[in-house]
Protein chains: 2
Amino acid sequence: MDKPEAEPEADASAASPAPYRLDDQVGHLLRRANQRHLAIYGRAIQELTPMQFATLAKLHEAGALSQNALGRLTAMDAATIKGVVDRLRKSGQVQTENDKTDRRRTIVSLTPEGRALVESLFARAHDVSRETLSPLDATEQAMFLHLLRKMI
Amino acid sequence: MDKPEAEPEADASAASPAPYRLDDQVGHLLRRANQRHLAIYGRAIQELTPMQFATLAKLHEAGALSQNALGRLTAMDAATIKGVVDRLRKSGQVQTENDKTDRRRTIVSLTPEGRALVESLFARAHDVSRETLSPLDATEQAMFLHLLRKMI
DNA sequence: CCCTTTTTGTTGGCATGCAAACGGATTTTG
DNA sequence: CAAAATCCGTTTGCATGCCAACAAAAAGGG
């Protein structure tokens with residue numbers, strides 16, 4: 001080697017294969033953004049966990065659903081949605097019944113208490129979304145949401 | 001508008017408080033984007049979990065660190081980084097020692113195996129970041145990363 | 001109609017992720 | 001310097017989150 005490391009940083013375009021910096025990786029930034037959002041949620045809403053709220057909100061939006069369908073619409077796999085539904089049922093926010101036509105299915109629906117609770121939280125939930133996006137101005141927020149959707 | 005709530009549903013711009021649709025919430029989109037990224041990671045790298053890789057990458061980047069400092073730099077709380085370090089130590093990727101000047105601290109550092117492993121994964125890790133951003137064109141990627149940072 | 005495939009839900013196992021409560025060490029402050 | 005405030009690391013407890021393996025039921029195909 002005549003001069004493998006004569007100018008370690010001189011020519012960034014050829015020699016060094018771009019150092020791996022954690023803080024530059026999309027995955028790390030996405031994780032931190034999500035972390036921040038969960039912290040904002042936690043400060044605003046203590047009645048339900050984020051996923052429990054998402055579950056009730058989706059049931060409120062779409063009506064009764066099979067457990068697996070509910071999982072798909074909330075982006076939780078079958079094993080995860082099961083735990084969430086179990087806990088919501090235990091706390092009386094949802095109820096389950098057997099599907100008459102498909103004996104594999106368990107239909108999940110809101111109880112009156114669950115409906116009342118989720119409706120009482122919508123305003124604060126909107127605030128959470130607003131606060132999460134607050135570092136960006138209106139134009140940036142629209143752009144960010146657009147890019148986020150495009151990436152999914 | 002002179003009559004804010006005269007017609008509850010008639011005028012969408014005034015009356016209805018904007019329905020809460022899960023798929024429109026930043027938090028949900030961030031979670032799904034992160035989920036997608038983790039799936040891409042999982043397909044590309046099986047040797048280490050995402051957080052184990054992040055931990056080794058940060059140690060590679062910053063050198064030996066106290067356990068808590070390592071947690072801060074990787075955005076994991078004290079309880080979480082402990083588990084990650086424990087598992088990495090068990091698998092021989094990192095080692096720990098007592099800090100001579102501060103008896104509270106545990107210094108975490110890469111073992112030769114850990115260093116070799118993480119270095120062998122950098123290329124694939126870069127691919128993961130690239131693939132995660134691939135739905136966006138170059139301009140959009142830059143914009144997205146910019147907005148993501150601004151939001152954190 | 002039978003066989004194969006798919007779908008639904010469950011379970012076990014492992015890895016985050018965070019709050020709260022602690023004990024011990026160090027730093028800050030009055 | 002001594003008390004108070006912090007910081008370090010640990011433990012417990014609970015809630016995701018996902019994989020792999022299963023059993024039962026339904027759907028599809030030949």
Side-chain angles (χ1 to χ4, degrees), chain A residues 27-28 30-43 45-56 64-91 93 96-108, chain B residues 27-28 30-43 45-56 65-91 93-94 96-108:
Chain A
H28 184 65
L30 281 173
R31 177 169 165 277
R32 284 176 54 197
N34 199 42
Q35 229 170 20
R36 172 170 167 276
H37 171 260
L38 292 175
I40 292 172
Y41 175 95
R43 258 174 262 130
I45 299 178
Q46 289 85 46
E47 290 89 334
L48 293 169
T49 65
M51 295 321 290
Q52 287 172 359
F53 175 75
T55 300
L56 296 192
L65 292 165
S66 75
Q67 187 172 289
N68 272 17
L70 182 55
R72 280 190 296 274
L73 293 177
T74 49
M76 285 184 262
D77 82 355
T80 303
I81 189 64
K82 185 198 187 310
V84 175
V85 167
D86 283 350
R87 286 183 286 276
L88 284 173
R89 191 176 38 202
K90 192 172 306 181
S91 67
Q93 314 302 328
T96 58
E97 54 177 316
N98 296 321
D99 187 319
K100 306 304 179 186
T101 62
D102 189 335
R103 283 186 306 187
R104 294 171 304 178
R105 286 203 174 98
T106 301
I107 305 299
V108 185
Chain B
H28 184 64
L30 281 173
R31 177 169 165 278
R32 283 176 55 195
N34 199 42
Q35 228 171 20
R36 172 170 168 275
H37 171 260
L38 292 174
I40 292 172
Y41 175 95
R43 258 173 262 131
I45 299 177
Q46 289 85 47
E47 291 89 335
L48 293 170
T49 65
M51 295 321 291
Q52 288 172 358
F53 175 74
T55 300
L56 296 191
L65 293 165
S66 75
Q67 188 172 289
N68 274 14
L70 181 56
R72 280 190 296 274
L73 294 177
T74 49
M76 283 184 262
D77 81 356
T80 303
I81 189 66
K82 186 198 187 306
V84 175
V85 167
D86 282 351
R87 286 183 285 275
L88 283 173
R89 190 176 38 204
K90 192 171 307 181
S91 67
Q93 314 302 329
V94 305
T96 59
E97 54 179 315
N98 296 322
D99 187 319
K100 306 304 179 187
T101 62
D102 189 335
R103 284 186 304 183
R104 295 170 303 177
R105 289 202 173 96
T106 301
I107 305 299
V108 185

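Numbers restart at 1 for each chain; the letters A, B, ... are given by sequence-line order, proteins then strands.
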Could you give the [atom1]-to-[atom2] distance, from [X] to [N], as a whole number of Å?
{"X": "A/N68", "N": "D/dC22", "atom1": "CG", "atom2": "P", "result": "19 Å"}
{"X": "A/I81", "N": "D/dC18", "atom1": "CD1", "atom2": "C1'", "result": "14 Å"}
{"X": "A/N98", "N": "C/dT10", "atom1": "CG", "atom2": "P", "result": "10 Å"}
{"X": "B/R43", "N": "D/dC19", "atom1": "CZ", "atom2": "C1'", "result": "14 Å"}
{"X": "B/E97", "N": "D/dC8", "atom1": "CD", "atom2": "P", "result": "17 Å"}
{"X": "B/D102", "N": "D/dT6", "atom1": "CG", "atom2": "C1'", "result": "12 Å"}
{"X": "B/R105", "N": "D/dT6", "atom1": "CZ", "atom2": "C1'", "result": "12 Å"}
{"X": "A/L30", "N": "D/dG17", "atom1": "CG", "atom2": "C1'", "result": "17 Å"}

### Task
Would you mind reporting whether A/L48 and A/L88 have side-chain heavy atoms less than 4.5 Å apart?
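Side-chain contact under 4.5 Å: yes.
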### Message
Counting C-beta onward and ignoring hydrogens, is there a side-chain heavy-atom pair between B/Q52 and B/R87 closer than 4.5 Å?
### Response
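Yes, side chains in contact.
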### Query
If you measure from CG on A/D99 to CZ on A/R104, what distance do you get to the nearest 0.5 Å?
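Output value for this atom pair is 9.5 Å.
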### B/L70 CG to B/T106 OG1 distance, which is reported to the nearest 0.5 Å
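Rounded to the nearest 0.5 Å, the CG-OG1 separation comes to 11.5 Å.
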### Message
Taking the basic N atoms (NZ, or NE/NH1/NH2) and the acidic carboxylate oxygens, is any pair closer than 4.0 Å for B/D86 and B/K90?
### Response
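Result for this pair is no, no salt bridge flagged.
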### Task
Please assess B/T55 against B/M76 for the test side-chain contact (heavy atoms from CB on, under 4.5 Å), listing each intermediate value before the final yes or no.
CA-CA 10 Å; B/T55 300; B/M76 283 184 262; 3.3 Å; yes
### Contact state string [nucleotides 11-19 of chain C, B base, S sugar-phosphate only, - no protein heavy atom under 4.0 Å]
BB--SSBBB
### Query
Is A/R104 side chain donor-acceptor paired with the C/dT7 base, going by distance under 3.5 Å alone?
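Per atom types, the contact qualifies.
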### Message
Counting the atoms with a prime plus P, OP1 and OP2 as sugar-phosphate, which does A/T101 contact under 4.0 Å by heavy atoms, base, sugar-phosphate, or nothing?
### Response
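Sugar-phosphate contact only - A/T101 comes under 4.0 Å of backbone atoms but never of a base.
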### Message
Between B/R31 and A/A75 (side chain of the first, backbone of the second, donor and acceptor by atom type, cut-off under 3.5 Å), is there such a pair?
### Response
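Yes, because the side chain of B/R31 sits within donor-acceptor range (under 3.5 Å) of the backbone of A/A75.
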### Message
Using OP1 and OP2 only, check whether a side-chain N or O of B/R103 sits under 4.0 Å from D/dG9.
### Response
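No, because none of the side-chain N or O atoms of B/R103 sits under 4.0 Å from OP1 or OP2 of D/dG9.
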### Message
Does D/dG17 have its OP1 or OP2 closer than 4.0 Å to a side-chain nitrogen or oxygen of B/R36?
### Response
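Answer no for this pair, as no side-chain N or O of B/R36 is under 4.0 Å from OP1 or OP2.
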